[in-house]
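Whatever order the structure lists them in is the order used to number ligands and atoms, beginning at 1.
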Amino acid sequence: MNPHVESALNDQVKKEASSSQFYLAMASWAESNGLNGTAKFMYQHSDEERFHMLKLIHFINERGGKAIIPLVEQAPKEFENLENVFELLLAHEIRVTESINNLVDICLQQKDYTTHNFVQWYVSEQLEEEALARTVLDKLRLIDGDKGGMYMFDRDLESASVGGAGQAPQKQ
Ligand code: OFO
């Protein structure tokens, strides 16, 4: 496997692992604050991010590279409120999208069209995730801290977690 591509894919493994931990931190915070719908949504999303990481690991190994299982940084322990959670989530997803775009660039520079094709799945996934984060954040801004609104929001997020976008995890 092309070493530049392999190294960029391994960097992405680390980012997906960090994403999974980040969502786990938000899930745990939501659970301990009585936001069970949000917690369910975040736990499920953490699993999806782990699936993204596994998909990369399998791809690297199956193409003759060596996947590196990374050490991930400490995820946040506290969040100010739900709006802050989703603001951080959107900022995080925007950074991940940049990283995927960078990966696409490296594939093209190295003329690795097989990996380029593989990475397109992540391009679409990031589009969906950013759009979802923006929609949720818009809703939260409309609610503007209203208690009844927050209750409905949390309940809606619980139903959104069943059968939502980017469903995990079957090994391909
Ligand atoms: Fe891995 O999809 Fe977002 O971060």
Side-chain angles (χ1 to χ4, degrees), residues 5-31 35 37-63 65 67-79 82-108 112 114-140 156-158 160-172:
V5 173
E6 182 177 350
S7 160
L9 286 170
N10 270 316
D11 282 350
Q12 194 60 37
V13 167
K14 183 164 185 176
K15 293 203 169 76
E16 301 296 340
S18 296
S19 289
S20 180
Q21 294 297 92
F22 183 50
Y23 278 95
L24 202 51
M26 293 186 284
S28 177
W29 176 85
E31 188 170 54
L35 296 160
T38 307
K40 187 173 175 190
F41 174 86
M42 295 295 184
Y43 278 125
Q44 181 179 313
H45 210 115
S46 172
D47 285 347
E48 287 175 13
E49 295 297 347
R50 185 167 188 279
F51 167 67
H52 299 172
M53 175 191 69
L54 287 173
K55 196 174 162 80
L56 283 159
I57 290 172
H58 295 314
F59 182 80
I60 296 167
N61 289 335
E62 282 162 12
R63 292 207 57 224
I68 314 275
I69 307 305
L71 187 66
V72 292
E73 70 268 23
Q74 172 68 56
K77 293 179 187 158
E78 264 310 323
F79 298 93
L82 208 47
E83 200 170 318
N84 171 244
V85 163
F86 278 93
E87 278 164 358
L88 292 174
L89 185 156
L90 177 59
H92 175 83
E93 289 301 345
I94 290 172
R95 281 196 300 277
V96 176
T97 300
E98 283 167 8
S99 159
I100 295 288
N101 288 342
N102 183 46
L103 190 49
V104 171
D105 255 5
I106 292 170
C107 291
L108 289 176
D112 182 343
T114 308
T115 306
H116 179 267
N117 188 40
F118 167 77
V119 167
Q120 293 312 304
W121 183 86
Y122 289 83
V123 172
S124 317
E125 186 67 14
Q126 281 310 120
L127 249 177
E128 280 183 29
E129 289 188 353
E130 272 194 41
L132 179 63
R134 284 197 176 89
T135 306
V136 172
L137 201 48
D138 284 348
K139 279 192 185 155
L140 274 173
D156 286 356
L157 213 49
E158 177 154 20
S161 359
V162 186
Q167 281 292 292
Q170 301 108 16
K171 181 182 179 295
Q172 53 145 15

Please work out whether any backbone atom (N, CA, C, O) or any side-chain heavy atom from C-beta onward of Lys15 is under 4.0 Å from ligand 1, and answer side chain, backbone, both or neither. neither

So which N/O/S atom does His52 have closest to atom 1 (Fe) of ligand 1? ND1

Looking at atom 1 (Fe) of ligand 1, is one of the N, O or S atoms of Glu49 less than 2.8 Å from it? yes

Could you tell me if the side chain of Ile57 sits less than 4.5 Å from the side chain of Ile69, heavy atoms only? yes

Is the ring pair Phe41/Phe86 parallel, tilted or perpendicular, if the boundaries are 30 and 60 degrees? tilted

Taking side chain as C-beta onward, heavy atoms only, is Gln126 less than 4.5 Å from Ile94? no

Test of understanding: given a 4.0 Å heavy-atom threshold, classify the contact between Gln126 and ligand 1 as side chain, backbone, both, or neither. side chain

Could you check if a side-chain atom of Phe118 sits within less than 4.5 angstrom of a side-chain atom of Arg63, using non-hydrogen atoms only? no

Rounded to the nearest 0.5 angstrom, the CG-CG distance for Leu90 and Leu137 is 6.5 Å

As a test of reading the structure, name the N/O/S atom of Glu16 that is nearest atom 1 (Fe) of ligand 1. OE1

CD on Glu49 to CD on Glu93, rounded to 0.5 Å: 5.5 Å

With heavy atoms of Glu93 as the reference, note each atom of ligand 1 found under 4.0 Å away. 3 (Fe), 4 (O)

Within this structure, what is the CD-OG distance for the pair Gln12 and Ser18, rounded to the nearest 0.5 Å? 10.0 Å

Taking only heavy atoms of Val96 into account, list the atoms of ligand 1 that are under 4.0 Å away from them. 4 (O)

Closer than 2.8 Å to atom 3 (Fe) of ligand 1, do we get an N, O or S atom from Glu125, backbone or side chain? no

Show me which atoms of ligand 1 lie under 4.0 Å from any heavy atom of Glu129. 2 (O), 3 (Fe), 4 (O)

